[in-house]
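Below: one structure, written as structure tokens.
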Amino acid sequence: MIQTVRGTFDILPDELPRWRLVEETARAVFRCYGYREIRTPIFERTELFARSVGEETDIVAKEMYTFTDRSGERLSLRPESTASVVRAYIQHKMWTWGSVVKLFYMGPHFRYERPQKGRFRQFHQIGAEAIGHTDDPAIDAELIEMVEEYLERLGVRERALFLNSVGCAQCRPAYVRRLKEALAGAIPRMCENCRRRYEVNPLRILDCKVEDDQPFIERAPALVDHLCSACAAHFEALRRHLDARGIAYRIAPRLVRGLDYYTRTAFEITGARLGAQNAIAGGGRYDGLSELLGGPPAKGIGFALGVERLLLALPEEAAVADEAPDLYIAYLGEAARQHAFRLARRLRREGLIVLYDFEERRLRRLMAQADRVRARYAVLIGEDELAAGRYTLRDMRTGAQEALSEDALVQKLVASRSPSASASR
RNA sequence: GCGAGCAUAGCUCAACCUGGUCAGAGCACUUGACUGUGGAUCAAGGGGUUGCGGGUUCAAAUCCCGCUGCUCGCCCCA
């Protein structure tokens with residue numbers, strides 16, 4: 001048997017209502033904030049990710065699905081989408097669209113990692129980016145508010161927002177030097193990973209969860225205390241904006257985003273019941289990424305949210321099951337069969353959900369089937385009905401039956417759909 | 001890439017530790033009791049080379065080894 005490849009999975013019809021809820025709620029909420037949907041290709045030139053995400057990051061160094069196409073082009077399945085959106089911003093000269101362009105996206109992304117709870121090789125992200133001439137912290141605050149509002153709307157209550165600033169090209173190098181000096185004495189006694197990070201990416205040492213390393217890390221200087229004056233002011237302003245908006249957050253001095261392009265604002269939202277991978281959403285500012293990709297100077301901030309993780313945090317009752325059929329047609333005999341098909345077509349044109357069996361079966365089985373699919377009504381078309389020119393309509397909830405002409409039946413069923421039910425479709 | 005756990009019917013699991021009643025139950029499915037009327041009940045039935053390969057033994061779902069797959073964790077990230 002050929003099965004899905006490791007780290008991928010089918011989303012079956014029964015699970016789709018939850019996916020649709022998450023996706024449609026995102027569209028509804030983001031729209032209100034002026035974000036518009038963009039769809040970028042699922043694969044891009046490898047160079048795009050290598051340059052933006054960073055050659056030395058795990059994502060680029062060992063997690064990308066990279067291949068060469070028939071013309072020799074180096075291509076990669078997208079491991080994230082910020083790079084693509086910024087590429088699109090440059091390619092379509094979006095700076096002419098206005099001072100800040102707000103975009104959101106959703107779709108599959110790919111990373112070659114060992115699957116575990118809340119982590120897959122084909123996974124889904126929903127994200128948004130605000131790119132433009134200004135780095136006004138009010139944009140950061142609004143974006144964070146939008147994510148919070150979205151999660152609130154979905155009923156994800158058990159969550160926490162963590163905030164930090166990772167500085168900029170001016171202040172971060174100096175901080176990294178200071179950090180290395182501070183840890184120089186301790187590093188031989190720290191874990192193997194930290195010793196490696198010390199050389200490759202010292203900031204990530206702050207992320208270490210090894211218990212024995214904690215005392216050293218706690219004594220290390222905090223990034224937020226060594227920001228340049230511009231970054232410090234930006235961070236202060238962001239905090240005031242969040243306070244003013246009534247958004248609760250916690251400063252996480254050790255929150256470091258893994259991707260090279262991040263500057264200043266970094267945030268993460270974690271949820272309960274997720275297992276080891278408890279980050280539902282993460283994001284931050286990436287001033288300078290446009291220039292890095294050969295575009296004009298631009299400031300940007302964005303976030304990405306893991307749909308599979310969100311689904312784990314989503315309340316059970318959040319999504320309702322698919323709609324039940326409006327009508328099940330039970331027909332007996334070949335003549336009735338043609339009447340059944342014609343009736344079904346008329347009602348389906350009106351938007352009703354109509355089912356029938358293709359095989360001839362005994363009435364008892366047909367009624368059982370109508371019950372099993374949770375049909376609201378069943379209609380019986382047999383010899384008696386054909387002779388009388390009236391079908392027997394049965395209300396499956398009450399068991400009440402009445403004889404109706406085809407026109408009367410269609411009229412009744414179409415009217416039976418409440419206006420609110422049809423409006424939500 | 002590393003570590004641990006698990007793999008029996010479509011699904012959830014039992015039998016495994018303490019090898020030896022034919023590999024079982026519940027749910028689901030099909031059929032009948034009930035010739036044209038569902039949900040309940042009762043009965044019958046279909047469906048398994050116990051993930052794959054090898055070994056030990058008179059005898060393996062059960063013990064041992066290898067492989068594959070899945071799950072969880074490390075790493076990293078959404």
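Chain letters run A, B, ... following the sequence lines, proteins first, then strands; residues in each count from 1.
A salt bridge links A/R119 with A/E113: the distance from a Lys NZ or Arg NE/NH1/NH2 to an Asp or Glu carboxylate oxygen falls below 4.0 Å. Between A/R397 and A/D395 there is no salt bridge, since no side-chain N of the basic residue sits under 4.0 Å from a carboxylate O of the acidic one.
Each of A/Y89, A/F303, A/Y105, A/F104 was scored for a side chain to side chain contact (heavy atoms under 4.5 Å, CB included) with A/E129, with one residue passing: A/Y105.
For A/Y356 and A/F341, the ring centers are positioned less than 6.0 Å apart. Aromatic pair A/Y65/A/F67: ring centres not closer than 6.0 Å. Here A/Y150 and A/F30 bring their ring centres to under 6.0 angstrom of each other.
The gap from the C1' atom of B/C13 to that of B/G54 amounts to 29 Å, rounded to the nearest Å. Distance noted for atom C1' between B/C77 and B/A15: 43 Å (whole Å). On the P atoms, B/A43 is 31 Å away from B/G51, given to the nearest whole Å. Taking atom C1' in both B/C29 and B/G48, the straight-line distance is 16 Å, to the nearest Å. One C1' atom belongs to B/C74, the other to B/G55, and the distance between them is 34 Å to the nearest Å.
Near RNA chain B, meaning a heavy atom under 4.0 Å from it, residues 23-47 of chain A has no residue at all.
Between A/D58 atom CG and B/C77 atom P the separation is 6 Å, expressed in whole Å. What separates CZ of A/F120 from C1' of B/U71 is a distance of 10 Å, to the nearest Å. In this structure, CG of A/L363 is placed 16 Å from P of B/C34, rounded to the nearest angstrom. Between A/Q401 atom CD and B/G38 atom C1' there is a gap of 11 Å when expressed in whole angstrom units. Separating the CZ atom of A/R365 from the C1' atom of B/C29 is a distance of 11 Å, rounded to the nearest angstrom. Per the geometry, CG belonging to A/L366 stands 10 Å off C1' belonging to B/G36, to the nearest Å.
Interface remark: the A/R114 side chain does not form any donor-acceptor pair with the B/C70 base, using a distance-only criterion of under 3.5 Å. Donor-acceptor pairing under 3.5 Å, judged by distance alone, is present between the side chain of A/E385 and the base of B/G36. One donor-acceptor pair, N or O on each side, does fall under 3.5 Å between the base of B/C76 and the side chain of A/Q277. Side-chain atoms of A/R119 stay outside donor-acceptor range of the base of B/A78, with no qualifying N/O pair under 3.5 Å.
No engagement by A/R397 is indicated, since no non-hydrogen atom pair under 4.0 Å with the nucleic acid exists. Within 4.0 Å of A/R394, counting heavy atoms only, lies at least one base atom of the nucleic acid.
Judged purely by distance below 3.5 Å, without hydrogens or angles, the side chains of A/T265 and A/D140 pair a donor atom with an acceptor atom.
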* Structure fact -> RNA chain B in dot-bracket form (Watson-Crick or G-U pairs under 3.5 Å, [ ] crossing, | inter-strand) is (((((((..((((......[...)))).(((((.......))))).....(((((..]....))))))))))))....

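Cation-pi check for A/K102 over A/Y33 is not met; the charged atom does not lie both under 6.0 angstrom from the ring centroid and within 45 degrees of its normal. The cationic atom of A/R121 (NZ for Lys, CZ for Arg) lies less than 6.0 Å from the six-membered ring centre of A/Y112 and within 45° of the ring axis.
For B/C75, neither phosphate oxygen OP1 nor OP2 lies less than 4.0 angstrom from any side-chain nitrogen or oxygen of A/R111.
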